[in-house]
Amino acid sequence: MFDDALHRTLVGIVGPSHVLVDDDLTAGYRVDWTGRFRGTTPAVVRPRDTAEVAAVVAACHSAGVALVPQGGNTGLVGGGVPGDAEVVLSLRRLDHIEPVDRRAAQVTVGAGATLAAVQQAAVDAGFAFGVDLGARAAATIGGMVATNAGGLHLIRHGGMRQQVVGHEAVLADGSVVRHLGGLLKDNTGYDLGSLLCGSEGTLAVVTAVRLRLVRRSEHRVAALLAFTTVDAALEGAWALRDTLTSLEAIELFFGEGVELVCGVLGATAPFGVTHPVYVLVACADDRDPTDDLAGAVDGLDGIVDVAVASTAERRAALWRLREGHTEAINSLGPPHKLDITLPASALPAFPEQVRARVAAVDPAARVWLFGHVGDGNLHVNVTGPAPDDDRTDEAVLELVASLGGSISAEHGIGVAKRAYLHLNRTPAEIAAFRAIKEALDPDGILNPRVLLPPVGAPTTPPVR
Ligand code: FAD
Ligand code: MLT
Ligand code: ZN
C-alpha cells in the first residue's frame, strides 16, 4: 500500500521535487496521448539515474506497490498510464547520450533520451539511427524498446529489436542487469535485451540501451502517388518495394484522411482534387535517387497523379499529409486505435471488409485507414464509439485474426488489446508468457494491467 512511510522513502531517494502527488502536477502523467485511457496515481516518481530507479523499484517492491514505467507517454494502447493505484515511474530524466562509438557504429543512451535527440546525436557523428516515427520529439528510447516500436523505416532497417545491441534494466526486486558491451556475436545464454523489446514494462524497467547506428544517406527524395483503387495502389507499392534499392519508407493512406489533415491542420495537398488512395514513397541514398524513383514510378499502372519532392521543405509538406493523420484524427475525440498487420494477400480486400464490419456494429462510426504498407501494417482508427465501447475493436480484431493477421503490428497490446491476445496467441503461448512474467516479477508489481489477458478472459483462438 502507498502510505506515508513509502512516500518518505521515495522522497529520500529522488528528492522532494521529484515525487509529485498534487493532482495538477500528476495530471499529464495520468492520461494517455489519445485521451482514451486515464487513471489515478498516488505519486509520480522521477528518478535521475539507474541507482535511483533501482532504489525506487526496491522500495515499491518491499511495500507491495505496483509501478507503471512511463517515458514520453506517446504510447497508443494505454500501457503507460496508471489504473487506480500504481505509482508512475517516469524515466524521462534518464536522458543522457554517451559519445557515439564511431568504431563500433554504436551509441549507449539512457532510457529517457528522446528519439529526436538520439537521431541528432547519430547525425552529428556521421551516422543515422534506423528507427523513425512521428512522435520523435517526445517518444523515449526506453518506451520504444518496451513497445518494440516499428515506424516509418522498418522496411529498410528493422524495428527497435533490430537496433538493440546491449541493455541495462532494473528487475522487479530492484536488482540491476547490465549487458552494454555491444558485441555483435555473443551467444552467452538468453537474450534478455531481445526479451525486453515488446515487454511493455511488465518484466523490467529499461534504464539504458546500446544501439546500433546505420549509414547516413546524404541524398533523399519523396513522391506522393495518387491512385483510383486500392488494388492499383498496393500493386504499385509492392513493385516499388521490389525494385528500389534506395527505398526507405512506403506508406498508404486515403482521400478522406488527406481531407481531414488539410482541414484540421491547415496542410496543403499537392493536387487540385482529392484522389481515393495515396502512396507516399521515400528514398535515401549516397547519390541522388530521383532518377531511380522516377524510372520506377513511370512503369507503374494506375497512377493518376504524381508529386515529387526533393527539397527538405517539400518533402516535409508531403510527410505532413501522412504523419498529420494521428493528430487530425485525435481532434475528432479519442479514437479507437487498432494497429494491425495482414498477410499481403489479405490487404486488397481489407479496406472494404473492415468498413463493412465496423458499420455492422456501429453505423455511425467512422473508419480511418493509413499505415506502413511496405510491411503490411495498417492503422485502423475508429472514431465515434465511446472510449469504453469495445464492440468495434472486437469486430476489427476478430476480422484481422481470421485473415491470419496480427492484432498489434507495432504499438503493443497495452490495456487496449489485452482481452484479445488469445486471437493471436495459443493457450500454450500465453501460459509461457505468464511463466516468464511470474519468474521475473513474482509479486506482479511491474505494469500489472497490461499485455497479459485478464484472468478469466477467453483462451481459445478462433478457428481459421
Ligand atoms: P510510453 O508511452 O511512455 O510507454 C509505452 C509503454 O512502454 C508502456 O507500456 C510503458 O509502461 C513502457 N515503458 C516506457 N518506458 C519504459 C522503460 N524505460 N522501461 C520499461 N517500460 C517502459 N509507434 C510506432 O511503433 N510506430 C510509429 O510510427 C508511431 N508513430 C507515432 C506517431 C504519433 C504522433 C504518436 C503520438 C505515437 C506514435 N507511435 C508510433 C506510438 C509511440 O510513439 C510508441 O509506442 C513509442 O515507442 C512510445 O514511447 P514512449 O516513450 O512515449 O513510451
Ligand atoms: C503512425 O504510423 O502514424 C503511428 O503509428 C501513429 C498512429 O497510428 O496514429
Ligand atoms: Zn505507425
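Each ligand, and each atom within it, is numbered from 1 in the order the structure gives.
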Asp339 near ligand 2 by a heavy-atom separation under 4.0 Å: no
Run down the list Ile413, Thr326, Val81 and name the one with the heavy atom closest to atom 34 (C) of ligand 1. Thr326
Proximal ligand 1 atoms for Glu200, defined as those under 4.0 Å from one of its heavy atoms: 9 (O), 11 (O)
Which ligand 2 atoms are under 4.0 Å away from a heavy-atom of Lys337? 7 (C), 8 (O), 9 (O)
Among Trp368, Trp319, Tyr278, find the residue that satisfies the ring pair (Phe, Tyr, Trp, His ring centres under 6.0 Å) test when tested with Phe253. Tyr278
By number and element, which atoms of ligand 1 are closer than 4.0 Å to a non-hydrogen atom of His372? 28 (O)
Who's the nearest protein heavy-atom neighbour of atom 2 (O) of ligand 2, and how far? Arg322 NH2, 2.6 Å
Who's the nearest protein heavy-atom neighbour of atom 6 (C) of ligand 2, and how far? Thr326 OG1, 3.4 Å
Of Val77, Val415, Leu152, Thr74, the residue with the heavy atom nearest atom 41 (C) of ligand 1 is Thr74
Identity and separation of the nearest protein heavy atom to atom 47 (O) of ligand 1: Thr147 OG1, 2.8 Å
Mark up the atoms of ligand 1 that fall under 4.0 Å of a heavy atom belonging to Leu91, in ascending order. 18 (N)
Test ring pair (Phe, Tyr, Trp, His ring centres under 6.0 Å) applied to Phe227 and His275, step by step: CA-CA 7 Å; Phe227 297 85; His275 294 291; 9.6 Å; no
Which atoms from ligand 2 have a heavy atom of His372 less than 4.0 Å away? 2 (O)
Find all atoms of ligand 2 within a distance of less than 4.0 Å from any non-hydrogen atom belonging to Phe370, and give their numbers and elements. 3 (O), 7 (C), 8 (O), 9 (O)
Under a 4.0 angstrom heavy-atom cut-off, which atoms of ligand 1 come close to Gly201? 20 (C), 21 (N)
Heavy atom under 4.0 Å from ligand 1: found in Glu323's side chain, backbone, both, or neither? neither
Could you check which of Gly150, Gly110, Pro69, Ala169 puts a non-hydrogen atom nearest to atom 10 (C) of ligand 1? Pro69
For the residue pair His325 and His379, confirm or rule out a side-chain donor-acceptor distance under 3.5 Å. no
Could you identify the single nearest non-hydrogen protein atom to atom 4 (O) of ligand 1 and state the distance to 0.1 Å? Gly80 CA, 4.3 Å
Out of Glu410, His411, Glu323, whose heavy atom is nearest to atom 8 (O) of ligand 2? His411
Within a distance under 4.0 Å of any heavy atom of Ala149, pick out the atoms of ligand 1 and give their elements. 25 (O), 47 (O)
The Zn ion (ligand 3) is nearest to which N, O or S atom of His379? NE2
Between ligand 1 and Gln70, is the shortest N or O to N or O distance under 3.5 Å? no
May I ask you to check if ligand 2 and Asn381 share an N or O to N or O distance below 3.5 Å? no
Would you mind finding which of Ala146, Ala111, Ala135, Gly75 brings a heavy atom closest to atom 32 (C) of ligand 1? Ala135
Any heavy atom of Ala204 closer to ligand 1 than 4.0 angstrom? yes
With the Zn ion (ligand 3) at the centre, find the angle made by NE2 from His372 and OE2 from Glu410, to 10°. 90°
Heavy-atom gap Val450 to ligand 1 smaller than 4.0 Å: no
Can you name the atoms of ligand 1, numbered from 1 with element, that are less than 4.0 Å from a heavy atom of Asn447? 9 (O), 11 (O)
